[in-house]
Colleague: 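Just passing along the structure, written as structure tokens.
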Amino acid sequence: MKLGISLGYWGAGMDADNLAVAREADRLGYAVCWASEAYGSDAATVLAWVAARTERIDVGSAIFQIPARQPAMTAMTAATLDSLSGGRFRLGLGVSGPQVSEGWYGVRFDKPLARTREYVEIVRRAMTRERLSFEGEHWTLPLPGGPGRPIKLTVHPERPHIPLYIAAIGPRNLEQTGGIADGALLVLSAAEHLEETAVRHLRAGREAAGLTLDGFDVCPTLPLALGEDRDVAALADVFRPYTALYVGGMGSREQNFYNRLARRMGYEREAAEIQDRYLSGDKEGAAAAVPHELIDRTTLLGSVDRIADRMRAYAAAGVTTLTLAPAGFTLDERIAALRAGAEALERAGLG
């Protein structure tokens, strides 16, 4: 199992530190550095900057939002980043959510599976550098009856195949991801539930496509807080607002994929209460309603030895790249957590 580092969203108050975190992860041998986007900074610019200041670590989008870009533009960006980084780019895609898709981009959040499938196919075709043509439900290239002609990508990616990941949560999305992608980006992942909530669906998608999970990257992101084992309850409290946001406040009442995931993990009553409180404006109450067990199972908390034990559980559950999101109010705290992650991987015998 390899390690990744998540820089999260640029503009979250730690911008000056993020490059130092990425460079330390590069020095420590982390495999990939991910950057995110929602409706603030874009991930492509951040990744170009990080790639220019690092040497070995891959840079990846987690995610480029599908409603934000035409697929051909995503292919152009991926090819450019792969070329500029010397073959270190990983393309992560996702449909975002209904509030961002419709409220920010003006793109209807309908038929996300079909839209993703067509999008991935167009991106893959474009990056082969053959003349691009496509006829589907959501995109037709070139447009019929006009002056457009099939065009091919002029930029040469460093590699003939850029790894493509999809952010997936629901069973149908996970199954489709297994069939059309090289990896899955997961969140709110508990090792104890990973087989039933994710891996079995990915495996089914691979098998339907005549493939196995060999070579497929199962890549969850886990917040990490370093401390004494006796302080695990207090460390978990740090992530109460984070977990409450995902379970209670992401998307809408009808379309919150993370809330459904928490229910599939057995937290049916708790997920309903968290959502009710969050959507009524009681964010503190929503955070208080998050069970300690849910936080502990979906984060890495405590000493290096305790974190190493959890890493063994994730590796046994089928995780191939474990992405860490180190907590800390200072750069020194984040760097210490980053180093602890690398040490824990070695102690777990997984490095």
Colleague: Can a salt bridge be assigned to the pair Arg200 and Glu196 using a cut-off of 4.0 Å between side-chain N and carboxylate O?
Modeller: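 Salt bridge flag = no for Glu196 with Arg200.
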Colleague: Any ion pair linking Arg125 and Glu121 (charged N to carboxylate O, less than 4.0 Å)?
Modeller: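 So Glu121 pairs with Arg125 through a salt bridge.
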Colleague: Should Arg240 and Asp237 count as an ion pair when the cut-off is N to O under 4.0 Å?
Modeller: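 A salt bridge is present here (some side-chain N lies under 4.0 Å from a carboxylate O).
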Colleague: What I'd like to find out is whether the side chain of Val59 reaches to under 4.5 Å of the side chain of Leu81, using heavy atoms alone.
Modeller: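 In short, these two side chains do not touch, never coming nearer than 4.5 Å.
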Colleague: Should the pair Arg115-Asp110 be classified as a salt bridge under the 4.0 Å nitrogen-to-oxygen rule?
Modeller: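 Asp110 and Arg115: salt-bridged.
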Colleague: I'd like to know whether CZ of Arg269 has more than 12 heavy-atom contacts from other residues, nucleotides or ligands below 6.0 angstrom.
Modeller: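 No, because the 6.0 Å sphere around CZ of Arg269 holds 12 heavy atoms or fewer from other groups.
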Colleague: Would you confirm whether Arg206, through its side chain, and Gly178, through its main-chain N or O, come within 3.5 Å as a donor-acceptor pair?
Modeller: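 Indeed, once roles are kept as given, a pair shorter than 3.5 Å links the two residues.
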Colleague: Between Gln176 and Leu113, is there a donor-acceptor pair closer than 3.5 Å when you use the side chain of the first and the backbone of the second?
Modeller: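 Judged by distance alone, yes, a pair lies under 3.5 Å.
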Colleague: When you compare the side chain of Tyr119 with that of His138, does any pair of heavy atoms fall below 4.5 Å?
Modeller: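 A side-chain contact under 4.5 Å is absent here.
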Colleague: Do the side chains of Arg310 and Asp296 get close enough for a salt bridge, i.e. N-O under 4.0 angstrom?
Modeller: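 Judged by the 4.0 Å cut-off on N to carboxylate O distance, Arg310 and Asp296 do not form a salt bridge.
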Colleague: Examine the side chains of Tyr242 and Thr299 and answer whether a donor and an acceptor come within less than 3.5 Å of each other.
Modeller: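 No donor-acceptor contact under 3.5 Å links the two side chains.
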Colleague: List the residues meeting side chain to side chain contact (heavy atoms under 4.5 Å, CB included) with Pro291, not counting sequence neighbours, and say none if there are none.
Modeller: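 Partners of Pro291 by the side chain to side chain contact (heavy atoms under 4.5 Å, CB included) criterion, ordered by chain and then number, come out as Tyr267, Glu270, Ile274, Leu294.
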Colleague: According to salt bridge (charged side-chain N to carboxylate O under 4.0 Å, His left out), who are the partners of Arg108, at least two apart in sequence or on a separate chain?
Modeller: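 Residues passing salt bridge (charged side-chain N to carboxylate O under 4.0 Å, His left out) with Arg108: Glu102.
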Colleague: Is a salt bridge present between Arg88 and Glu55, judged by a nitrogen-to-oxygen distance below 4.0 Å?
Modeller: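 A salt bridge is absent here (no side-chain N lies under 4.0 Å from a carboxylate O).
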Colleague: Would you check if Met250 and Leu245 make a side-chain contact, meaning some heavy-atom pair closer than 4.5 Å?
Modeller: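 Side chain of Met250 against side chain of Leu245, heavy atoms only: contact under 4.5 Å found.
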Colleague: Do Leu194 and Leu186 have side-chain heavy atoms sitting under 4.5 Å apart?
Modeller: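 SC-SC contact between Leu194 and Leu186 confirmed.
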Colleague: Assess whether a salt bridge exists between Glu24 and Arg27, defined as any Lys/Arg side-chain N lying under 4.0 Å from an Asp/Glu carboxylate O.
Modeller: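 Answer for the salt bridge query: yes.
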Colleague: I'd like to check Val95 versus Ser101 (side-chain heavy atoms, cut-off strictly below 4.5 Å). Are they in contact?
Modeller: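 No, too far: nothing below the 4.5 Å cut-off.
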Colleague: Not counting sequence neighbours, list each pair that qualifies as a ring-ring contact (aromatic ring centres under 6.0 Å, His included) and has a residue in residues 158-195.
Modeller: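 Checked against ring-ring contact (aromatic ring centres under 6.0 Å, His included) - neighbours excluded - the pairs reaching residues 158-195 are Trp34-Tyr165.
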Colleague: Please determine whether a side-chain nitrogen of the Lys or Arg among Glu343 and Arg347 lies less than 4.0 Å from a carboxylate oxygen of the Asp or Glu.
Modeller: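 Here Glu343 pairs with Arg347 in a salt bridge, since their nearest N and O are under 4.0 Å apart.
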Colleague: Cut-off 3.5 Å, side chains only: do Arg260 and Asn256 have a donor facing an acceptor?
Modeller: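 No, no side-chain donor-acceptor pair sits under 3.5 Å.
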Colleague: Are any of the side-chain nitrogens in Lys111 or Glu118 under 4.0 Å away from the carboxylate oxygens of its partner?
Modeller: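 No.
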Colleague: So does Asp26 pair up with Arg23, basic N to acidic O under 4.0 Å?
Modeller: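 Salt bridge flag = no for Arg23 with Asp26.
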Colleague: So, Arg124 and Asp182, do they make that salt bridge, N to O below 4.0 Å?
Modeller: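 Between Asp182 and Arg124 there is a salt bridge, with a charged N closer than 4.0 Å to a carboxylate O.
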